[in-house]
Every structure is written in structure tokens, then in C-alpha cells.
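Below is one structure; the comments refer to it alone.
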Amino acid sequence: MKTVIKTTNLEKVYNSSVAPVKAVNQVNLEFKEGEFTAIVGPSGSGKTTFLNLIGGLDKPTRGNVIIDDTDISSMKESQLFDFRLKHIGFVFQAYNLIPVLTAVENVSFVMLLQNRPKEEMEKRAKEMLEQVGLSDKINVRPNKLSGGQQQRVAVARALASKPDFVLADEPTANLDTESAFNLLDIMSKLNKEENITLIFSTHDQRVIDRARRVITLVDGAVSKDEYFDK
Amino acid sequence: MQTLIKISWRNIWRNPTRSIVIIIAIVLGLMGGVFSAGMRLGVETQQFEETVENQISHIQIHHPRFIANPESHYRIEGGAQMAKKIHQMPGVAQVAHRTVFDGMIATANMNTGVRIKGIDPVKEALTTHLDDLMVDGTYFEDNGRLPSVIMGHKLAEELRADLGSRVVLTFQDISGEMVSASFRVEGLYSVTSLRFEERTIFVKANELNQLIGDKTAVTEIAVVLENLDQYREATDELKKLYPHAEVRNWADMAPSLYYSMEFLHQNLAWVVGIIILGVSFGLLNTILMSVLERVNELGVLMAIGMKKIRVFSMVVLETTLLSIVGGAVGLILSYTMVMLLNIRGIDMSGAGGEGMADFGYASHIYLKVPPALYYEIGILVIGFAVLAAIYPAWKAIRLQPAEAVRQE
């Protein structure tokens, strides 16, 4: 299988007033196409920082992040904007939909930034909303949707542009059990059907149980990297 | 761009109360600016029309010593011919020649010093529109036994003279001898300047000239130009043509009016500018608040790949759209305000308007707002709004997506 992401000697150091803190410490990992990976670990273990580094939202202090043979750690900020737009999908803990746009407009938004043709955008956005079970909420704004529904729209938005991989930062943290299972079912299905690489940071056991690969971070370093046959 | 406009527009209405408050601020600021400008321009125009158009004209020509000694002795040699020639010059609309000097007017009750102006009624009507200023009686239509005099309403009150009253004018003839003659009050005129009204009387020039002993006497030539903007050039040309005469334009004759107009034009820009600047700070505050409330959302937009230039444009667009709405409503309401206030004019008598007349100001002010001023103010509002948006927009693009998405 093709390697989508590769990190080599990845480090992120924050300078605090007391002493420098290594949020990510010497991480060497590879993520293959179509993997469903959960990054787990206690609070402060560096999960979010690691996701930010591989998502091009933050720059490493040392080491490299190579995505599709491109080293993004040396990219300029403006190049990173383009790179994220073309290659990465994001799902955030707090849904983070654009409140003034309807569900279908939110899902189309990334494709709009990519300057895709209008008809293609609308077709794909409606298709994605149907896949996440929200075809009846196309023209509804986020404030009229439940938390679970908003997160499903966020998933549809992240996947609509067919990115190389999707990073989800604790996507189920704010959801009740039923909504969380529903979301995970949808993501698992899309992972299999569209062969999209999914990387979650989580300490939600429900997510961990669905993942085929679980990487445990402790103090910024990889302490375990396990594969499960699911 | 269309989507950016759509998002910006919807963002404005996320907090309708706040947006409406800032729109009201823009509207009131604009109305204040238009009112202030209109009031000042109105006063200026009224004063200019009163002083220059109705009294002194654009250019006057005299004997060099006449200004210090306004007597019939200081006449313009060949004045009537000179007036004819000037009238034929390009750019000259009207010319009137007069016999002007100081004298005394007396009734049975009292007497006072006045400036006597001997005029050609037809030419004077074309030059200073004296006939339009009549408030009582007729304008040199009476061919009675006694010659006619037209005097100011205020002077008639002081002399306790009525229409038809007999008055005696006393003045020097060309040889310096005192001459007295009876006149009948035919009409009363009124102007804003009470000083002019109580000090200036008009009689027919031919009748006056007969009394002073020179049938062709001219002591003053008044010139009205087709284009007022050319007054400096026209003055210079007349000075060259008539080096022995005293040629003065309206700015020389009414320097206080000239300087007040010059000052006004600069002052007006400042007043309007300061009002709009004040509104812009309100706008800046509103947009900044709206940006700070959306840190998380802006972070997400940048995280998913919305370029900084687009985020910047979105914030600037929000401000621009707000200013366009506020500006359009403000200009429409300002226009309506000007129309309504100008139906009757603004009565300043309660604020000392009667006393203002002593200084040539009207007691009723009519706002004057040239159409160009509306466009200029509209453009200024939008321009300042865009400038006011730069700081909040800059704050927005300085956000770090990774940190911003985690903020509540």
C-alpha cells in the first residue's frame, strides 16, 4: 500500500517560562493509504500537536513531515494553505461549521475554495450529505442541527473534496453515545468505500475499538503502535 | 467573490442589533455632515447672493479718489461710453453705470445720512435685480410731479416715511454747492443686510444728474460677469484697459466675505472629515469585536485552506457592505431632510437671527447641498470604512489556525 504520510525524527518543542517542553519527541511513523488510525494517550501526551504537525497547521522544531513525497515542514505559510486545501480534510472536536452557511454550503465550501465547477460541487455535496444521512437537512443552518448532525456535516465537508487523508481531533468528544456510534459507522463506511486515510486523536474507547491501528503517545513519544484486524 | 460577498453579508446579520446600531451611527453621522455642510454652504450662498449679486456686483469701477470721498466731484470721465465698451467685452454679462454719492435725506420728522444711487432702472434690474427686492410700492413706474425715490424698508421705518411721503434730499452739486430737492417715496425694498437697507436709496440717474449739473455724470460702473470664476482675470484686464480708474472686484470690496468663503471651504472638509472619522472608529470597534468573537471560526477557515487574502477580503467586505447600507440610507435620509427643511427654511430668529441681519446674515437659512457633495460624502464614508476595516482584518489574518481552532 502507498505511504501517504511519513514523519522522521519529528519534534516540537515549546518554550515555557520554566523549561522547554517537548510536546512531540522523536516520532517516526508511516501512514498507509486507507488506514483507520487512532492516536491515543492521556491529556498532554502530544496528540493534538502531532495532528497539527502532520496537518501543516504547525511547524516542527526538528524533523520532517513528508506527504506524498513532499516535505511540508519546509514549506512557506502560503504554500501550506494551498497544500492543506488540496490534500487534507479536517474534522474538529467542536464541529466548527460556518454558522452563516447551510449544510450543503458548508460541505461545498472546501471545493469552492478549490474553484471546482458549481455543478460538480453541488452534486458532490448533496451526495456526501446523503452518505452521512442528512439529505433532508441540505438547506438547514448549523444552529438548527443537533451536535451529532453538525459533526456529520463536518465529516461530509472534510471528505467531499476527496483529500489524501482526514485528520479528526477528538471528533466524538462532544457527542452522546448514539451520535458517536452513528458518526463512527459513517466514517468507517466512508473509509472502506472511498479508501480514505483517517487519523483520529482520541481517548474515546468507542473510537479506539473501531480503529485498525492504534498509536499510543506518552510525553510526546510513541510508546505503542498496534495493528488490529477488523 | 460571490460566495465571499454572501458570507460577508450573512456575517453582518449574525448580530442584527449591533449592525443596526452601527448603521444608525453611519446614518446620523452622514445626516450631521450633510446638515453641517448644507447649513454652512447655505449661509455662504445667501450672503454671497445678497452682497455680491444684489449689492456690489462682481466688479466696480470708480474715480481713484471716489472711495475715500464719495462725492459727485469725482466722476468717471466718459463713463457712459466706457460702460458701453465694457459691455461689449467677452465674458461680460451686464453693465450698469450710476451716479453715486453721499447726502442727507429728511422728512418732516427727522433726517439722516444716506448713500444716494442714481440709476438707470432697466439696467439696474438686469444687474442687481433691484426690482425683485421690492416689498412695497412700485419700481420707478410712477411719473408724478415729484421724482421718485426707492428706499429700504428699514430706513422708511426710521424716518417714519410711508409710500407717497415727500422727502428732501440734500447733496453737493459738481461745483460743491449744496442742492436740495424733493422726492416722493415710490417703493420700498428689503435685503438681509439692515445696514444697506437703512443707508442706501435709489433715484433715477437722469433726474439726479440734472440736479448736480452734469447730465452725463457717472461715478460708478458695475459689471456682472457671465462666469464668476473669471473675476480675477476680468479685473486684471479692466485695470490694463483703464489704468487711471479704480477697478475693484467683489473680493476687494467685501474682503470679509471673501475670506470667510475661503475659510469655509477648508473648514467644511474638516468638519465632514471629522464626523466621518468618528463614525469610522465606531465601525472599527464593531468589526473588531465581531472578529474577536469569531477567532475559532476564522481559525477553521484558515485551517481548511482559506487563504489569508480571502479572510482579509471577507472582513473588509463586511465593513464595506455595512457602510454601503448605512451610506445609502444616510444619503437618502439626508436628501429628504434637506428637502423638508428647505420648504420653509430654518428660522434663526430665535437664535439671534434678527441681530445677524446687521452683519448681512439672513434670519432664514436655506440649506445648500450640491449633488456632488452627496457623492463625495458617500465615497468618503465607504473609503473611511475600508480604512477602518484594515486593522480588524489584519488582526484576523494574524491568527494562528492551530491555536484559533481550539479557542472557545
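Everything quoted here is computed from the prediction, not taken from an experiment. Letters A, B, ... are given to chains in the order of the sequence lines, protein chains preceding strands, and every chain is numbered from 1.
Using a 4.5 Å cut-off between heavy atoms, A:E105 touches chain B through its side chain atoms alone. Only the side chain of A:N115 comes within less than 4.5 Å of a heavy atom in chain B; its backbone stays farther off. A:F83 does not touch chain B: none of its heavy atoms, backbone or side chain, sits under 4.5 Å away. Heavy-atom distances place both the backbone and the side chain of A:N96 under 4.5 Å from chain B.
Judged as a ring-ring contact (aromatic ring centres under 6.0 Å, His included), and not counting sequence neighbours, A:Y14 has no contacts.
Contacts from residues 374-396 of chain B to chain A, taken as heavy-atom pairs separated by less than 4.5 Å, involve no residues at all. Residues of residues 309-335 of chain B that come closer than 4.5 Å to chain A, counting heavy atoms only, are B:R310, ordered by residue number. At a heavy-atom cut-off of under 4.5 Å, chain A is reached by B:V300, B:L301, B:M302, B:A303, B:I304, B:G305, B:M306, B:K307, B:K308 from residues 298-308 of chain B, listed in order of number.
More than 12 heavy-atom neighbours from other residues, nucleotides or ligands sit within 6.0 angstrom of CG on A:N143. Under a cut-off of 6.0 angstrom, the local environment of CG in A:D219 is sparse, with at most 12 non-hydrogen atoms contributed by other residues, nucleotides or ligands. Around atom CD of A:E130, no more than 12 heavy atoms belonging to other residues, nucleotides or ligands sit under 6.0 Å away.
Interface summary for chain B: among A:V110, A:D169, A:L101, the most heavy-atom pairs under 4.5 angstrom belong to A:L101.
To the nearest 0.5 angstrom, A:I98 atom CD1 is 6.5 Å from B:E297 atom CD.
Between A:P99 and B:R10, every side-chain heavy-atom pair lies at or beyond the 4.5 Å cut-off.
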